[in-house]
Amino acid sequence: PTINTTSDEGGPCLSADGLALAFHSRRPGGQGDFDLWISRRSSPTAPFGPPENLGRTINGPGPDTFPRFLGDDDTVLFTRGGTLFLTFRNAAGAVGALSLPNQPEGFFSPWPSPDGTALYFHRDGRQGGIGSNDIWLTRRVPRDSPEANTPATPVVSIDPPKLEPV
């Protein structure tokens, strides 16, 4: 297989057009612990090509995990050691990553809603949660809204996913 190796792979995310698959892995050729990788294909029915490491401008020495495409395959939301990061491409074409401000600690598995107004995430041990690991939801609201400083809330239940091997 092109994607799976004897190393750890996880946190897959398919781009909106189905042509790119981002994931984290400890495979050889990385920068440190878990790194972000992207594999591309020419059509939604074609096989994925060899994964490419996103390199030192994105991956750090610690764990970079749970990539999520935001609109295009240049902008990726991911976590680094429980902190939320976002990739970007500047006007000169250089790619980098920046930490997003004002976020809770222990932020994992970010998953934006299709319309971009909500963000689900996994967090362990947060006060107000139901168990040791909970799924949380936060919503984007206009800055002048009375709800602008509303904290994230736990999701009471989510149906278990149907699983099949890839």
Side-chain angles (χ1 to χ4, degrees), residues 1-114 116 118-126 132-138 140 152 158 161-166:
T2 303
I3 306 299
N4 293 314
T5 68
T6 55
S7 300
D8 294 331
E9 284 84 29
C13 181
L14 192 63
S15 63
D17 63 7
L19 300 181
L21 177 70
F23 59 95
H24 59 256
S25 177
R26 283 189 169 134
R27 65 182 56 218
Q31 310 302 317
D33 192 348
F34 278 107
D35 275 4
L36 300 181
W37 297 76
I38 291 184
S39 182
R40 300 183 190 281
R41 60 185 176 181
S42 58
S43 76
T45 58
F48 283 104
E52 295 179 21
N53 184 283
L54 293 187
R56 291 186 177 176
T57 58
I58 303 296
N59 291 308
D64 296 306
T65 56
F66 303 110
R68 301 293 179 248
F69 289 106
L70 296 179
D72 59 38
D73 60 347
D74 282 337
T75 309
V76 177
L77 188 67
F78 68 96
T79 58
R80 175 177 293 153
T83 301
L84 196 60
F85 278 74
L86 188 67
T87 65
F88 64 90
R89 184 178 302 273
N90 68 19
V95 175
L98 57 94
S99 172
L100 297 179
N102 302 324
Q103 58 181 294
E105 294 179 12
F107 207 124
F108 296 98
S109 305
W111 198 270
S113 64
L119 181 68
Y120 291 86
F121 61 95
H122 155 234
R123 185 151 184 231
D124 60 346
R126 183 180 171 110
S132 63
N133 287 287
D134 291 310
I135 298 170
W136 291 77
L137 166 67
T138 188
R140 184 179 63 177
I158 289 185
K162 292 184 168 76
L163 302 175
E164 62 181 89
V166 176

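Side-chain atoms are counted along with the backbone in the values below, which use heavy atoms only and exclude waters and symmetry mates.
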**Study point:** salt bridge (Lys or Arg N to Asp or Glu O under 4.0 Å) contacts touching residues 45-70 (sequence neighbours left out)
**Key:**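 Applying salt bridge (Lys or Arg N to Asp or Glu O under 4.0 Å) to every pair that reaches into residues 45-70, excluding sequence neighbours, yields D64-R80.
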Practice item. Any pair with a residue in residues 21-30 that passes salt bridge (Lys or Arg N to Asp or Glu O under 4.0 Å), sequence neighbours left out, goes on the list, sorted by first then second residue, please. Key: D8-R26, E9-R27, R26-D33
Test item: [X] and [Y] side chains (from C-beta on) under 4.5 Å apart, heavy atoms:
| X | Y | value |
| --- | --- | --- |
| F69 | I38 | yes |
| P112 | L70 | yes |
| F78 | I58 | yes |
| S109 | T79 | no |

How long is the span from the [atom1] atom in [X] to the [atom2] atom in [Y], to the nearest 0.5 Å?
| X | Y | atom1 | atom2 | value |
| --- | --- | --- | --- | --- |
| N53 | N59 | CG | CG | 5.0 Å |
| L54 | H24 | CG | NE2 | 13.0 Å |
| W37 | T5 | CH2 | OG1 | 9.0 Å |
| S43 | D17 | OG | CG | 10.5 Å |
| C13 | F23 | SG | CZ | 12.0 Å |

Exercise for review: Indicate the ring-plane relationship of F108 and H122, choosing parallel, tilted or perpendicular according to the 30° and 60° boundaries.
Suggested key: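 Geometry flag for H122 against F108: tilted rings.
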Review point. Which heavy atom of P12 sits nearest a heavy atom of W111, and at what distance?
Key: O-CZ3, 4.4 Å
Review point. So which heavy atom on L77 is nearest to which on P110, and how close?
Key: CD2-CB, 3.8 Å
